[in-house]
Protein chains: 2
Amino acid sequence: MRAVTIHDVAAEAGVSAATASRVLSGHPATSEESRTRVTEAARRLGFRPNAQARSLRKSHTNTIGLLLSDVRNPFFADIAHNAEQHALESGIATLLCNANESTEQQDLYLDLLLSQRVAGIIVAPQGDGAGSLREVLTLGVPVVFVDRTIDGVDVPSVTSDNRSGITGAVAHLAGLGHRRIGLVAGPQETSTGRERLEAFRQAIAEHGLDDDPDLVHLGDFQVTSGARAANQLLDLPHPPTAVLAADSLMTFGVLEVLRERGIRVGSDLSVVGYDDVAAFRWFSPQLTVVAHDPARMGALAVDLIRDVLDGRPARSVVLESSLVVRESTGPALGTGSVPHPAGRQ
Amino acid sequence: MRAVTIHDVAAEAGVSAATASRVLSGHPATSEESRTRVTEAARRLGFRPNAQARSLRKSHTNTIGLLLSDVRNPFFADIAHNAEQHALESGIATLLCNANESTEQQDLYLDLLLSQRVAGIIVAPQGDGAGSLREVLTLGVPVVFVDRTIDGVDVPSVTSDNRSGITGAVAHLAGLGHRRIGLVAGPQETSTGRERLEAFRQAIAEHGLDDDPDLVHLGDFQVTSGARAANQLLDLPHPPTAVLAADSLMTFGVLEVLRERGIRVGSDLSVVGYDDVAAFRWFSPQLTVVAHDPARMGALAVDLIRDVLDGRPARSVVLESSLVVRESTGPALGTGSVPHPAGRQ
DNA sequence: CTGAAAGCGCTTACAG
DNA sequence: CTGAAAGCGCTTACAG
């Protein structure tokens, strides 16, 4: 059962372990003869280098950690898939960890990745940069943020513009005559949650729409919080005519409640989702959403961490987000189809 | 930048590395005095044991590999999430890898996991058991199959019954008067693909329904193959009145095509999906599906690999699958609502 | 081009 | 209870 080591290969090939190592790792100082003998021996024996021993000696690994908030969130699943495939093309293995939208679990996995001595960590961070994240940074382990950032923590990041999509969505709804727009906001421990809420408030002010605190509900980027928020919004004495949710899972929660209550999306209530998850296009009516590009994000995050690892300058990138108008938004109820009506609903 | 080692901790605490190691790993043979001094020193220095060195010495790691077919498939995302959380509770870290429904990529990651010297591997396998998988097995690395199996390869597995759900679905459709049922089958390189197709054929025969080879299309468990199959089925001179797909992604592909063609699900064409993915419940009409339990599968697979690792007997388990009737299945077009009509459509 | 030797950071018999 | 020493499987200056 004992695994075959480089000594076994060396013995089989009739050379020293040093020579075997050189051949196997492509070091130029090897003879034709050694090369063929060692390669052959390794093949015959089914030699599989011990990555642990190798990285212990070389004091760096070829593995990166990818710490995401929720693997079941299709948005992050897309990031995971593309980051992994992209890393693989550069011969980098990816250790995928799931923080489950919990700062504690994020710390736990950060510790784990540190113990595994990964070469670098791509993380969709949470919290204020205290805890294990601070440690990681002071240890000098390369870190790249993806999707989210932390104020005051200066690491390269690939994010998307959280403003333009929301701004576009509010303008679109205002143009349809909506004056009371409900927001299911994300958790304020995340930069995306904060920025989207901020953009929303600003847009509401700009368009002179109802700035009612009851119209904003803080969720946690998970389905149930979206459902809860939808129920509260709909139970308001003066409910909104349109609802915007700050991520795909909360959008699903909203849609679930609307179905339960028999409220028709698009006609009874306008809905704008977030993240252009495939399922939203298969919905009827097809959802109007704020779209950005998780696939590209994942690949760029890997590029960024490679830049850092290879000592190249790493420049943060902000991807665009934009409104994709489909069928789930329509004229505000009671206002006809005339945009900007004088009266209120 | 150099990481702090156990020698640093030992020096700081004024003991030997051996004692420091014993304290840190909870060995009983330590004095009260050493314990407090070492623990304190480790805390002060922010000591983080090098997992590589540890596992090199102990020749086993506390990490398992989880090799799934497609992380973007919500079914597998559920397995991944639950397996990981469950493993974590036992202090086991999970290396999640994505085979991307490709046997080559499966081999690549198997090699990688072997190099990482994971304690064991949970895999949703593909292919015939040749290639790296055979090597893994002959090396004696503990393996557990999840969701799928390979004929003739005897490892513990947690799967679900691929028969009962399909059988129930065909019976249900036959009861609604359908005689021509289309199947978007899974790839025949997978046990699930084979078993579901087999169950379908048998059920068709039992109910005496149209056994037309044109009604069966082989897909690859991905969205586009579902769409392609749907188009071909609908373009048949004598198209089916109901369609059954063998996984969630292909079901999505089918639904996409129906929407494009303006075919109403449930009334124009009955659809039975596979995997009770949340999105199917948010659909309108809500989808009738064959449901099984990925969350439980993930957790059980971890239990199984722990059994193997701890030397306990590991017993394979087969979970149930069952038909959940919702709104996407209705009477066959042209047959009225009378079940088992004499005439054909 | 090649080999002997040291060392990466741990753990664990072996003595005491 | 404690320490010195060996060793896990590699890689890499250092000589030759």
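Every chain is numbered from 1, with letters handed out A, B, ... down the list of sequences. Not measured: the values here are computed from a predicted model.
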Among residues at least two apart in sequence or on other chains, which ones pass side-chain hydrogen bond (donor to acceptor under 3.5 Å, both in side chains) with [X]?
X: A:Ser115; value: none
X: B:Thr19; value: B:Ser16
X: B:Arg148; value: B:Ser69, B:Glu101
X: A:Thr149; value: none

Nearest whole angstrom, please: distance from the [atom2] of [N] to the [atom1] of [X].
X: B:Gln116; N: D:dG9; atom1: CD; atom2: P; value: 16 Å
X: B:Asn62; N: C:dC10; atom1: CG; atom2: P; value: 16 Å
X: A:Arg57; N: C:dG9; atom1: CZ; atom2: C1'; value: 12 Å
X: A:Lys58; N: C:dA6; atom1: NZ; atom2: C1'; value: 18 Å
X: B:His27; N: C:dC10; atom1: NE2; atom2: C1'; value: 15 Å
X: B:Leu24; N: C:dG9; atom1: CG; atom2: C1'; value: 13 Å

Only counting residues at least two apart or in another chain, list the ones meeting salt bridge (Lys or Arg N to Asp or Glu O under 4.0 Å) with [X].
X: B:Asp154; result: none
X: B:Asp307; result: B:Arg312
X: B:Glu89; result: none
X: A:Arg43; result: A:Glu40

> Do the non-hydrogen side-chain atoms of A:Val136 and A:Leu114 ever get within less than 4.5 Å of each other?
Replying inline: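 In contact.
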
> What residues in residues 15-23 of chain B put a non-hydrogen atom under 4.0 Å from any atom of DNA chain C?
Replying inline: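 Nucleic-acid contacts, sorted: B:Ala18, B:Ser21, B:Arg22.
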
>> For DNA chain C, which residues of residues 29-56 of chain A approach it to below 4.0 angstrom with any heavy atom?
In response: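 Hits under 4.0 Å, by residue number: A:Ala29, A:Thr30, A:Ser31, A:Ser34, A:Leu56.
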
> Dot-bracket, DNA chain D: Watson-Crick or G-U, under 3.5 angstrom, [ ] crossing, | other strand?
Replying inline: |||.||||||||.|||

> If you look only at pairs with a residue in residues 70-129 of chain A, which of them pass as a ring-ring contact (aromatic ring centres under 6.0 Å, His included), with sequence neighbours excluded?
Replying inline: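 Qualifying pairs: A:Phe75-A:His292.
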
>> Suppose you measure atom C1' in D:dT12 against the same atom in D:dG16; what distance do you get, rounded to whole Å?
In response: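 Taking atom C1' in both D:dT12 and D:dG16, they lie 16 Å apart.
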
>> For a quick test of reading the model, state the closest non-hydrogen atom pair linking A:Ile150 to A:Gln126 and the distance between them.
In response: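 Heavy atoms only, the tightest pair is CD1-O, 3.9 Å.
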
